[in-house]
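Each remark here refers to the structure printed beneath this line.
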Amino acid sequence: NISEETKKKKYESSSYTQGTHVYCIELDRLFSSKKKAIDCMKNEYGIQFNKKSFAKHLNNELVKGNSWYGEIEINGELVKLHWEYC
């Protein structure tokens, strides 16, 4: 459920290529690549993502039932992050 503003930014992006952008549902943030998402999580939230396992997660290669990857604290509450290609 991408916000209209995020959708607009996505389609206005000159580097937009179907399936390479990564979207985090809880943060309502769109990244132009897995690397940008990983870098943001490290730099802004202090969370280290494993590049290979994050890629497997996005390709649905991880164990079924684990639809989230990574956790952050928002307003004192631990939130599981859900990611998808768009």
Measuring from atom [atom1] of [X] to atom [atom2] of [Y], what distance do you get when rounded to the nearest 0.5 angstrom?
X	Y	atom1	atom2	result
Tyr69	Ser53	OH	OG	2.5 Å
Ile72	Cys24	CD1	SG	7.0 Å
Ile47	Glu73	CD1	CD	10.0 Å
Phe54	Met41	CZ	CE	8.5 Å
Trp68	His82	CH2	NE2	8.5 Å
Lys56	Lys52	NZ	NZ	8.0 Å

Please confirm whether the backbone N or O of His57 pairs with a side-chain atom of Trp83, one donor and one acceptor, at under 3.5 Å? no

Passes side-chain contact (heavy atoms from CB on, under 4.5 Å), Arg29 versus Glu44? Steps please. CA-CA 13 Å; Arg29 292 204 44 195; Glu44 293 184 28; 2.8 Å; yes

Side chain proximity check, [X] to [Y], heavy atoms < 4.5 angstrom:
X	Y	result
Asp39	Phe31	no
Glu71	Leu81	no
Val22	Tyr85	yes
Ser33	His21	no
Asp28	Tyr23	yes

Which atom of Glu26 lies closest to which atom of Lys80, heavy atoms considered: CD-O, 3.3 Å

Nearest heavy atoms of Ile25 and Glu84, plus distance in Å: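 Heavy atoms of Ile25 and Glu84 come nearest at CD1-OE1, 4.1 Å.
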
